[in-house]
Amino acid sequence: MAAGTAPAGEPPSAASRWRETRNAAARARLEKSLPALFPIPVLRHALSRPLVPPTPRLAVESYWRHHILRADRLARALAARSGQPEGWTWRLGTGNPEMRRPDPALDDPSGKGLPFSFRVPPAPFREAPHALGKGHCCICGQPVYRFGWHRDLWRAGAPNRNAAWHAACVAAWKFWIAPADHVKELKRRQNHRCAQSGKRLLKTAEVDHRVPLYRIWREERGRPWPELLGYWGLPNLQVVNRAIHADKCAAEAGERASVRRQAGGPEAGDPAAGAE
């Protein structure tokens, strides 16, 4: 049954009539603004949505939001193409991110764009010393083209100077910092089986980083930047049942406490010693 239609023999509801009217207008607006060349999978996705996106850019954004694992792979591949900027090292910002500094003279330009926790993926092109400016993605560093696309399908010959990110990279970034929001997609990829026990995943199953992020910061921070991103992406994510996740977190907390005791205090360089 087509989206927005009522079952046979029943009059359409007011919501269905509204949706049909709205989608007809959105399709007309979308078709009017479509260029001669446009990614076919994106167009098919847009026209199949319960609410059709009315512009090409919204169609592209919707496509990547609903193909999050594909966006994750693409963003990491684009980052590998850019490579690590010369002189860059993974650093964290200092101070309280909620604190406002009224005097601009107190700001350190070299620290702008630094994350305040290792839980945020490193992003050198968001940092002031390595920022490439408009026309290049602040997440992966590659040129941004029309509609936030990552390839110059329209042969413009130059990036879009009004854009600072790819639609795919934005979707990937949101996935990296909040993978639990995509637990259903990850469950499907695991065939609804716990990654640790192999048993059926329960409704309460949770997303987990196989290698905890504090260990990446402590032991792997010298790796090339594109490789580091894999620890936030699909290669390092799993869905496990809550009891298994709780046991794993308890073991990791014990390990971190042991490291702190041996060091005589909080882990060196660990601004979030209480986090997973």
Side-chain angles (χ1 to χ4, degrees), residues 2-4 15 18-19 22-31 33-35 37-81 115 119-121 123 125-126 134 136-154 159-160 162-190 192 201 205-209 229-239:
W18 172 86
R19 190 181 300 112
R22 185 263 178 205
N23 282 345
R27 279 193 297 269
R29 184 179 172 189
L30 177 63
E31 292 169 0
S33 55
L34 275 177
L37 185 61
F38 193 72
I40 296 300
V42 176
L43 182 58
R44 288 174 177 166
H45 166 83
L47 296 177
S48 69
R49 300 306 303 155
L51 293 177
V52 176
T55 67
R57 186 172 189 88
L58 291 177
V60 169
E61 292 174 357
S62 175
Y63 175 82
W64 290 117
R65 282 199 311 272
H66 289 86
H67 295 83
I68 195 66
L69 301 185
R70 192 174 300 172
D72 164 54
R73 290 193 297 269
L74 176 59
R76 289 186 286 110
L78 293 172
R81 184 181 299 175
R119 298 194 64 82
V120 177
F125 298 108
R126 298 184 73 185
K134 293 293 184 68
H136 287 79
C137 181
C138 63
I139 296 174
C140 74
Q142 287 292 295
V144 184
Y145 298 101
R146 198 173 181 185
F147 308 126
W149 203 246
H150 55 284
R151 291 175 56 198
D152 188 10
L153 296 180
W154 301 272
N160 179 3
N162 294 319
W165 52 76
H166 297 118
C169 290
V170 171
W173 183 265
K174 293 178 179 179
F175 175 60
W176 296 340
I177 62 176
D181 293 347
H182 305 279
V183 63
K184 290 183 179 179
E185 183 73 18
L186 294 170
K187 280 183 174 182
R188 283 196 295 269
R189 191 176 183 278
Q190 292 182 193
H192 296 272
L201 283 170
E206 298 171 341
V207 179
D208 171 59
H209 292 92
L229 291 181
Y231 289 111
W232 280 263
L234 183 61
N236 195 37
L237 293 176
Q238 61 181 357
V239 184

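Between the CH2 atom in Trp165 and the SG atom in Cys138 there is a gap of 7.0 Å [rounded to 0.5 Å]. One distance of note links CZ of Phe125 with SG of Cys140; it measures 8.0 Å at 0.5 Å rounding. With values rounded to the nearest 0.5 angstrom, Arg188 atom CZ is found 11.5 Å from His182 atom NE2.
The shortest distance between side-chain heavy atoms of Lys174 and Asp181 does not fall below 4.5 Å. Looking at heavy atoms from C-beta onward, Pro121 lies in side-chain contact with Leu229 at the 4.5 angstrom threshold. Taking 4.5 Å as the limit, some side-chain heavy atom of Phe175 sits within range of a side-chain heavy atom of Leu237. Using a 4.5 Å cut-off on side-chain heavy atoms (C-beta onward), Arg189 and Leu69 make contact. Here the side chains of Leu58 and Leu30 are not in contact, with every heavy-atom distance at 4.5 Å or above. With a 4.5 Å cut-off on side-chain heavy atoms, Arg22 and Pro54 count as touching. Here the side chains of His45 and Pro41 are not in contact, with every heavy-atom distance at 4.5 Å or above. In this structure, the side chains of Arg49 and Tyr63 stay at 4.5 Å or more apart for every pair of heavy atoms.
Every side-chain contact (heavy atoms from CB on, under 4.5 Å) that Ala164 has, sequence neighbours left out, goes to Lys134.
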When the side chains of residues 145-152 are checked against the rest of the protein, which donor-acceptor pairs come out under 3.5 Å, sequence neighbours left out?
from: Asp152; atom 1: OD1; to: Arg155; atom 2: N; distance (Å): 3.0
from: Asp152; atom 1: OD1; to: Ala156; atom 2: N; distance (Å): 2.9
from: Asp152; atom 1: OD2; to: Ala156; atom 2: N; distance (Å): 3.1
from: Asp152; atom 1: OD2; to: Gly157; atom 2: N; distance (Å): 2.9

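Put simply, the side chain of Asn236 never gets that close to the backbone of His209: no donor and acceptor are under 3.5 Å apart. Between the side chain of Asn23 and the backbone N or O of Pro50 there is at least one donor-acceptor pair closer than 3.5 Å. Although no hydrogens or angles enter the test, the distance criterion places no donor-acceptor pair under 3.5 Å between the side chain of Trp232 and the main chain of Pro179.
Residues Ala163 and Val144 come closest through the heavy atom pair CB-CG1, 3.6 Å. For Phe38 against Ala59, the heavy-atom pair with the smallest separation is CZ-CB, 4.4 Å. The two residues Pro235 and Asp72 make their nearest non-hydrogen contact at CD-OD2, 4.5 Å. In this structure, Ala180 and Val207 approach most closely via the heavy-atom pair CA-CG2, 3.9 Å. Taking both residues in full, the closest heavy atoms of Ile68 and Ala171 are given as CD1-O, 3.1 Å, listed atom of the first, atom of the second, then distance. Counting all heavy atoms, side chain and backbone alike, Leu78 lies closest to Cys169 at CD1-SG, 4.1 Å.
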For side chain to side chain contact (heavy atoms under 4.5 Å, CB included), just list the numbers for Leu34 and Leu43, CA-CA rounded to whole Å, side-chain angles, deciding distance to a tenth of an Å, and then say yes or no. CA-CA 9 Å; Leu34 275 177; Leu43 182 58; 3.8 Å; yes
Test side chain to side chain contact (heavy atoms under 4.5 Å, CB included) applied to Glu206 and Val183, step by step: CA-CA 7 Å; Glu206 298 171 341; Val183 63; over 6 Å; no
Please report the C-alpha distance between His166 and Ile139 in whole Å, then the side-chain angles of each, then the deciding distance to 0.1 Å, and finally whether the side chain to side chain contact (heavy atoms under 4.5 Å, CB included) criterion is met. CA-CA 8 Å; His166 297 118; Ile139 296 174; over 6 Å; no
Apply side chain to side chain contact (heavy atoms under 4.5 Å, CB included) to residues His136 and Gln142 and explain how you reach the verdict. CA-CA 5 Å; His136 287 79; Gln142 287 292 295; over 6 Å; no
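Within the cation-pi definition used here (under 6.0 Å to the ring centroid, within 45° of the axis), Arg126 qualifies as a partner of Trp173.
Applying the salt bridge (charged side-chain N to carboxylate O under 4.0 Å, His left out) test to pairs two or more places apart or on separate chains, those with a residue in residues 59-71 are Arg57-Glu61.
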